Amino acid sequence: MSEKRNIPALRFKGFTDAWEQRKLGEIVTRIVRKNENNETNLPLTISAEYGLVDQVTFFNNRVASSNLAGYYLLYKGDFAYNKSTSLGATWGTIKRLELYDKGAVSTLYIVFKPLENIDSTYLLYFYETDKWHKDVRQIAAEGARNHGLLNISADDFFKTTLNVPSLEEQRKIGEMLSKVSTLITLHQRKLDKLCNIKKSLLEKMFPQEGKSVPALRFKGFTDAWEQRKLEDYLIVSKEINSNEEFTKDDVLSVSGEFGVVNQIEFQGRSFAGNSVVPYGVVRTGDVIYTKSPLRTNPFGIIKTNKLTPGIVSTLYAVYHPKENVDSCFVHVYFEQNARVNNYLHPLVNKGAKNDMKVSDENALKGNVIFPSRREQSAICVIFERLDTLITLHQRKVEKLKNLKSALLEKMFV
């Protein structure tokens, strides 16, 4: 192999030497210690996202045998290779034990730890790349898969190769990727916290069944919420794109997670037919009912258009808000899955093709419980602020993950 191929595309200043190709067995030692004295009763499994984790917690039950004496005993810092392909990891998954001081894994795993001239964190991130897949793929091609497990012996696995720089360069690579991973974790925690706050507020800022006031509300609002038909707040829109004000570029779709979105921007293309003349016009602030089942919303979803005006397929129902409702509140009200499901279930009949047999008018016949318009708007403000913060952290996490992915690709050979 030429030196040129053994130099990464991106590296730290001051490092110029070509990396050295080594067999894995030359830089790590295999671990075959058994948990004979039941030193640990913690069964571990590998998660592609979380690494080596408690099997009981991860699977929500005890999958492992109650007797772990025959399992391999791992200490913090040890690596394990799970040859399973069942979780979409085509060539298995390799992770380092970090969350616990010790644990036990099935002897179907291959366990090892790096020697003194190999930085453990460098090795951890190397196995987050796909650069080790080639050798494993060649080995696996010689054997058959057995119930989702790659037929790879430990001897063959330790013959796989990797390119290794000096120990100092290894450490710098590991430190850089650790910093990025830490930032991802911090922002993900903030994002999770915000999502949990929103979930709690969707529960507490709306009355429970049989109640007329919520458990949590803004100061100054004391009136009971009023139960009425949704048709008292919304009116069916009959406006279609007859004058061709809008084109295929303006077609909107509705996402359970992101609400109303531009179809091309969200899905990469327009799925509109040859003519968009019969499409329904959606003004900013209009409410859309999507008559398509989702996994968590089997009767469809109800969202408010917060974008510029556009058009939707005739399969959607479009509604104009009346003066007594803030259409943003309608969106927030139906964000909780249980609430929108409970509302639509009595109104909708599913057809043979899993389509929704309900007219645009009849979809408004259900009962809702709304406060005054002023309180609606106050509630909207808090959720709009939360959504803005959630979006900012989602973008930050995505940006950091993209950065890490690029570094993993360019900093290893």
Side-chain angles (χ1 to χ4, degrees), residues 191 193-237 254-260 282-290 296-297 299-309 317-347 360-393:
L191 176 59
K193 185 177 181 179
L194 287 167
C195 289
N196 287 334
I197 290 173
K198 181 177 179 180
K199 182 179 179 181
S200 177
L201 291 180
L202 284 172
E203 182 75 20
K204 294 180 179 180
M205 294 189 75
F206 296 83
Q208 298 301 302
E209 187 175 355
K211 304 288 185 180
S212 60
V213 293
L216 180 67
R217 71 195 306 193
F218 292 105
K219 186 177 180 179
F221 295 104
T222 57
D223 293 342
W225 290 30
E226 185 177 1
Q227 180 172 290
R228 300 174 71 175
K229 301 290 185 184
L230 188 56
E231 64 185 355
D232 291 326
Y233 298 99
L234 302 176
I235 185 171
V236 176
S237 170
V254 182
S255 157
E257 182 179 0
F258 301 105
V260 180
V282 183
R283 302 295 175 184
T284 304
D286 281 351
V287 175
I288 305 175
Y289 168 37
T290 309
T296 54
N297 303 108
F299 308 104
I301 53 178
I302 298 172
K303 302 291 182 181
T304 297
N305 178 33
K306 301 177 183 180
L307 305 178
T308 55
V318 182
Y319 305 104
H320 294 315
K322 295 184 179 181
E323 291 185 358
N324 62 346
V325 70
D326 186 325
S327 63
C328 168
F329 179 81
V330 178
H331 180 98
V332 175
Y333 184 86
F334 287 117
E335 274 207 87
Q336 190 187 63
N337 289 329
R339 192 173 293 125
V340 69
N341 293 343
N342 291 339
Y343 173 83
L344 290 170
H345 189 188
L347 307 174
D360 296 357
E361 290 79 10
N362 286 341
L364 298 177
K365 298 294 185 182
N367 291 321
V368 293
I369 182 165
F370 284 8
S372 66
R373 195 184 193 288
R374 193 167 69 90
E375 189 171 359
Q376 293 173 30
S377 297
I379 291 171
C380 285
V381 169
I382 190 69
F383 281 99
E384 285 177 345
R385 288 176 180 171
L386 264 176
D387 285 341
T388 298
L389 287 172
I390 287 170
T391 299
L392 287 173
H393 282 287

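Computed from a predicted structure; not experimentally measured.
The shortest side-chain heavy-atom distance between Leu191 and Cys195 falls under the 4.5 Å cut-off. Residues Leu344 and Ile302 are in side-chain contact: their nearest non-hydrogen atoms beyond the backbone lie under 4.5 Å apart. Asn297 has its side chain within reach of Asn337: a pair of non-hydrogen atoms, C-beta onward, lies under 4.5 Å apart. With contacts defined as side-chain heavy-atom distances shorter than 4.5 Å, the pair Leu386/Leu194 qualifies. Side-chain contact check for Gln376 versus Val325: some heavy-atom pair is nearer than 4.5 Å.
Sorted pairs that involve residues 318-327 and meet salt bridge (Lys or Arg N to Asp or Glu O under 4.0 Å), not counting sequence neighbours, are lacking altogether. Sorted by first and then second residue, the pairs that involve residues 381-390 and meet side-chain hydrogen bond (donor to acceptor under 3.5 Å, both in side chains), not counting sequence neighbours, are Lys198-Asp387. Residue pairs that meet the salt bridge (Lys or Arg N to Asp or Glu O under 4.0 Å) test with at least one member in residues 363-376, sequence neighbours left out, are Arg217-Glu375, Glu231-Lys365.
Legend: residues meeting side chain to side chain contact (heavy atoms under 4.5 Å, CB included) with Glu209, ordered by chain and number and at least two apart, are absent. Taking the side-chain hydrogen bond (donor to acceptor under 3.5 Å, both in side chains) definition, one finds that Lys306 meets it with nothing, sequence neighbours left out. With sequence neighbours excluded, the residues satisfying side chain to side chain contact (heavy atoms under 4.5 Å, CB included) with Lys193 are Ile197. For the side-chain hydrogen bond (donor to acceptor under 3.5 Å, both in side chains) test, residues two or more places apart in sequence or in another chain that qualify with Glu203 are Gln208, Gln336. A search for ring-ring contact (aromatic ring centres under 6.0 Å, His included) contacts involving Phe383 returns nothing, not counting sequence neighbours. Scored by the ring-ring contact (aromatic ring centres under 6.0 Å, His included) test, Phe258 finds Phe266 as partners (sequence neighbours excluded). Applying the side chain to side chain contact (heavy atoms under 4.5 Å, CB included) criterion to Thr391, with sequence neighbours excluded, gives Gln394, Arg395. Under the ring-ring contact (aromatic ring centres under 6.0 Å, His included) criterion, Phe206 pairs with Trp225, Phe329, Tyr333, not counting sequence neighbours.
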Review item, side-chain donor-acceptor pairs of residues 282-289, under 3.5 Å, at least two apart:
unit_1, atom_1, unit_2, atom_2, d
Arg283, NH1, Glu245, OE2, 3.4
Arg283, NH2, Glu239, OE2, 2.6
Arg283, NH2, Glu245, OE1, 3.2
Thr284, OG1, Leu307, O, 2.7
Asp286, OD1, His320, ND1, 2.8
Asp286, OD2, Arg283, N, 2.8
Asp286, OD2, His320, ND1, 3.3
Tyr289, OH, Phe299, O, 2.7

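Rounded to the nearest 0.5 Å, atoms CD (Gln227) and OG (Ser212) are 10.0 Å apart. To the nearest 0.5 Å, atoms CG (Asp360) and OH (Tyr319) are separated by 5.0 Å. Between the OG atom of Ser372 and the CZ atom of Phe221 there is a distance of 5.5 Å, given to the nearest 0.5 Å.
For the side-chain contact (heavy atoms from CB on, under 4.5 Å) with Phe334, the qualifying choice from Val368, Ile301, Thr304 is Val368, the only one to do so.
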Show the numbers, then the answer: is there a side chain to side chain contact (heavy atoms under 4.5 Å, CB included) between Phe370 and Arg228? CA-CA 8 Å; Phe370 284 8; Arg228 300 174 71 175; over 6 Å; no
Walk me through whether Asn367 and Lys229 qualify under side chain to side chain contact (heavy atoms under 4.5 Å, CB included). CA-CA 5 Å; Asn367 291 321; Lys229 301 290 185 184; 3.3 Å; yes
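Of all the heavy atoms in Leu234 and Pro321, the pair that sits closest is CD2-CA, 3.8 Å. Considering all non-hydrogen atoms of both residues, Arg339 and Val332 come closest at NH1-O, 4.5 Å.
For the pair Tyr233 (side chain) and Ser327 (backbone), a donor-acceptor distance under 3.5 Å is absent.
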